[in-house]
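Working notes, beginning with the structure itself.
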Amino acid sequence: MTESFEARVREAVRLLRAAGRVAAFTGAGISTESGISDFRSPGGVWDRHRIVTYQEFIGSAEARREYWVMKRELHRELLRAEPNRAHTALAELEKAGWLDCLITQNIDGLHQRGGVPPEVVIEIHGTNLEAECLGCGLRVPIEQIQERLDGGEAELHCSECGGMVKPATVMFGQSMPEEKMRRAYDCAAGCDLLFMIGSSLQVEPAASIPRVARKAGASLIFVNRTETPWDHIASIRFSEPAGEVMGRIAGVLEP
Ligand code: APR
């Protein structure tokens with residue numbers, strides 16, 4: 001029988017107080033309460049769209065058009081989204097000295113907008129807040145990209161050099177950013193406690209982050225509505241909504 005919610009909150013706070021260094025690892029599930037779809041819940045992004053790989057994007061105008069249709073839909077959610085209680089709770093923990101590094105798979109920028117300093121956030125899948133030209137490297141903000149998509153452009157070429165434009169995210173088939181992955185592994189291997197919040201832990205190498213922390217001796221607190229393949233390595237599991245859980249934990253800790 002799982003312990004009551006309050007008992008698990010008390011245990012999480014005890015682990016937090018006892019920890020020297022604290023890390024967080026987040027996925028799309030931390031942003032669903034902000035109105036951004038996650039990927040693998042029923043009705044999620046991969047229920048509605050096919051995964052377009054980096055190789056397909058580069059090689060096929062049809063694939064690029066398909067990809068931008070998905071992105072235009074995601075941009076609508078993203079441009080309306082506000083940080084939710086889980087995002088602000090993590091910022092409160094960081095401000096109080098209870099969070100040293102935050103690794104996120106998310107591309108929505110809500111951790112930074114929720115108050116976690118940008119230098120604390122490691123965006124291992126890049127960011128959707130900008131797009132980049134694969135020819136000259138020119139970066140374009142999402143607002144301009146969305147305007148051009150809403151204006152009927154089916155695929156985007158650089159206004160400077162005519163090169164191919166793609167979101168500044170890591171696509172399937174693209175290599176992971178080395179420097180950010182090094183920082184992420186250092187963050188996980190160096191902590192005594194890691195919160196895993198809102199990820200199905202299906203996509204490697206990101207999904208290995210909680211295991212790296214566990215292997216280095218950290219305790220893990222999983223906050224995820226549904227089961228993950230790695231629940232057995234967690235010290236505490238919450239299946240309640242991330243906003244409720246993280247808001248309660250941050251609320252118990254005096255600043
Ligand atoms: N509170 C807690 N958990 C939630 C909530 C919530 N409010 N909403 C959703 N979840 C959980 C879901 O149950 C699911 O297990 O969050 C998890 C989200 O999992 P995914 O949709 O697979 O998202 P994520 O793990 O971030 O995906 C990893 O896959 O497609 C790629 O690049 C994409 O970064 C993404 C990666």
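Every value quoted in this text rests on a predicted model; they were computed, and no experiment measured them. Each residue takes its place number in the sequence, starting with 1. Just so you know, ligand 1 is whichever comes first in the structure, and atom 1 is the first atom listed for that ligand.
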#### Entry: Whether over 12 other heavy atoms sit under 6.0 Å from Gln55 CD
yes
### Task
Please list all pairs passing the salt bridge (Lys or Arg N to Asp or Glu O under 4.0 Å) test where one or both residues lie in residues 213-222, with sequence neighbours left out.
none
### Task
With a 4.0 angstrom cut-off on heavy atoms, strictly below it, pick out the residues next to ligand 1 and order them by chain and number.
Gly27, Ala28, Gly29, Thr32, Glu33, Asp38, Phe39, Arg40, Ser41, Trp46, Gln105, His125, Phe172, Gly198, Ser199, Ser200, Val203, Asn224, Arg225, Thr226, Pro241, Ala242
#### Entry: Lys/Arg-Asp/Glu bridge criterion (N-O < 4.0 Å) met for Glu153, Arg72
no
### Query
Are Arg8 and Glu11 within salt-bridge range, i.e. N to O under 4.0 Å?
no
### Query
Can you tell if the side chain of Tyr185 reaches within under 4.5 Å of the side chain of Pro205, non-hydrogen atoms only?
yes
### Message
Please determine whether the number of non-hydrogen atoms from other residues, nucleotides or ligands lying under 6.0 Å from atom CD of Glu178 exceeds 12.
### Response
no
